[in-house]
Amino acid sequence: MSAVAAFDLTGRRVWVAGHRGMVGQALVRRLQIENCDLVAPRERIDLRRQAAVEAWMDETRPDLVFVAAAKVGGIHANDTRPAEFLYDNLMIETNIIEAARQAGTAKLVFLGSSCIYPKIAPQPISEDALLTGPLEPTNEWYAIAKIAGIKLCQAYRKQYGLDFISAQPTNLYGPFDNFDLNSSHVLPALVRKAHEAKQAGADSFTIWGSGTPLREFLHVDDLADALVFLAKNYSDGEIVNIGSGDEVAIGDLARLIARTVGFEGAVHTDATKPDGTPRKRLDTRKLEGLGWRPSIGLDQGVARVYQWYCENVVARETGAATAA
Ligand code: GFB
C-alpha cells in the first residue's frame, strides 16, 4: 500500500461513468466543489457496447474516470437475474477500462463491492480476504464481475503502468436510491414498507429473511468523499475498503426505520426469503491510515433519506396518481 504525491484535480477533465445513478450523482455533487471540468455524454450511452464507449472516450479524453456505472440491485434482483448481473457488469467495466487506456486517461477509480469477499470471512473483513473462499451464492454473479474489474485494474497497472485503482464500498444508501420493492436493497425497501404501513394504518410490515443478518451501511455522500480522497491520494494495485463501522442487524434496522417514519406497529419476518451472507463488516484500517473517516451516522442518514423519499418518490407517485 502506498500513498503518493497527490493527483491534482485542478483543471482536469473528469468523467463519472454512471452519473445518473445514486453513486454517480453523489460523485458529481462532490466533484462540483473541486476545480475540475466534469464531462458527461449529452445522450445516454449503452456502456455495454464497446464501440459506443470507445467513441465517447476518444472524443472527450478524460484525465480521470470513476467507474460508478453498474447493474446493481438487492438480494432478490441478484439472485433471480444472474445473467444480467454478470454480463452487464463485465461488459461495462471492460469497455470503460480498455477505452480509458486507449484514450490516455491518467487515473481511473473502479468501484467494487463488499460482496467480492468470501461468504464466511473473518470479521471485520480486511482487503487480503479477497479470493480466500467461496462466495455468497445469492450474489456470486455480481461478485465475480466485480472481482474481474479489480483484476483488470491490477493487470493494467502491471502491464501498462497505468494508475488504475479500486475501492470496495460496504452497503450503500442515500438520495436517488432505488425504492422498488422487487429490485432494491434493504434500506430503501424498508423505508417504503414502513411509510406505506403507516399511511395504510397497518399494524405491521414484513421484512425478508430472519432479521438476524448484520449489514454495515454507508451514506453515499460519505462514499463520494472517500472516492475523491482516494483519487487524489492513493496510487496502488491493492484494493481499499470503504466502510462506516455502522453495523446493524436487519431486524434492528427495520425498527430504526419504523421509529424514523413514525410507524408504531410490529415488524414480522418472512423465512421463505433469503438471508444472504450472515455478516460483512469491512475492516477500514487501511483507509483510516491514509487519513479518511466517514461523517454521516446511520440515524442521521436514515432521517435524511426518509425526508428525500417523501419529497421525491412519494411526491412523484402521489402526483402521478392524482393526475391519472
Ligand atoms: O440489501 P440487500 O438486498 O442485499 O439485503 P445484501 C440485505 C439483507 O436484508 C438480507 C434483508 O438479509 C435481506 O434478506 N431484507 C429484509 C431485505 N427485508 C428486505 C427487503 O424488503 N428487501 C431487501 N432487498 N432485503 C447485496 C448484493 O446483498 O449487497 C449486492 O446482493 C451488493 O450484490 C449489495 O453487493 C451491497 O446485502 O444481502
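Note that ligands are numbered from 1 as they come in the structure, with each ligand's atoms numbered from 1 the same way. Atoms considered below: every heavy atom in the structure, side chains included; atoms not considered: hydrogens, waters and symmetry mates.
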- Just by distance, do the side chain of Arg281 and the backbone of Ile125 share a donor-acceptor pair under 3.5 Å? no
- Taking everything shown except Arg285 itself, do over 12 heavy atoms lie less than 6.0 Å from its CZ? no
- Subset of ligand 1 atoms that lie under 4.0 Å from at least one heavy atom of Ser113: 35 (O)
- Item | Nearest option to atom 24 (N) of ligand 1, as decided by whichever heavy atom of Ser184, Ala145, Gly251, Cys115 sits closest | Ser184
- Query: With a 4.5 Å limit on heavy-atom distance, are the side chains of Lys151 and Gln154 in contact?
  - Reply: yes
- Task: Any atoms of ligand 1 less than 4.0 Å from a non-hydrogen atom of Ile207? List them with their elements.
- Result: 16 (C), 18 (N)
- Do we get Arg304 above Tyr309's six-membered ring, with its NZ or CZ under 6.0 Å from the centre and within 45° of the axis? no
- Ile207 and Ile250, any side-chain heavy atoms less than 4.5 Å apart: yes
- Query: Should Leu298 and Val248 count as side-chain neighbours, where that means a heavy-atom distance under 4.5 Å?
  - Reply: yes
- Task: May I ask you to check whether Gly276 has an N/O atom sitting below 3.5 Å from an N/O atom of ligand 1?
- Result: no
- Message: Under a 4.0 angstrom heavy-atom cut-off, which atoms of ligand 1 come close to Pro274?
- Response: 13 (C), 14 (O)
- Message: List ligand 1 atoms under 4.0 Å from Gly74, heavy atoms only on the residue side.
- Response: 3 (O), 31 (O)
- Item | Top protein contact for atom 37 (O) of ligand 1, by heavy-atom distance | Arg215 NE, 2.7 Å
- Message: For atom 18 (N) of ligand 1, what's the nearest protein heavy-atom neighbour? Residue, atom name and distance, please.
- Response: Trp208 N, 2.8 Å
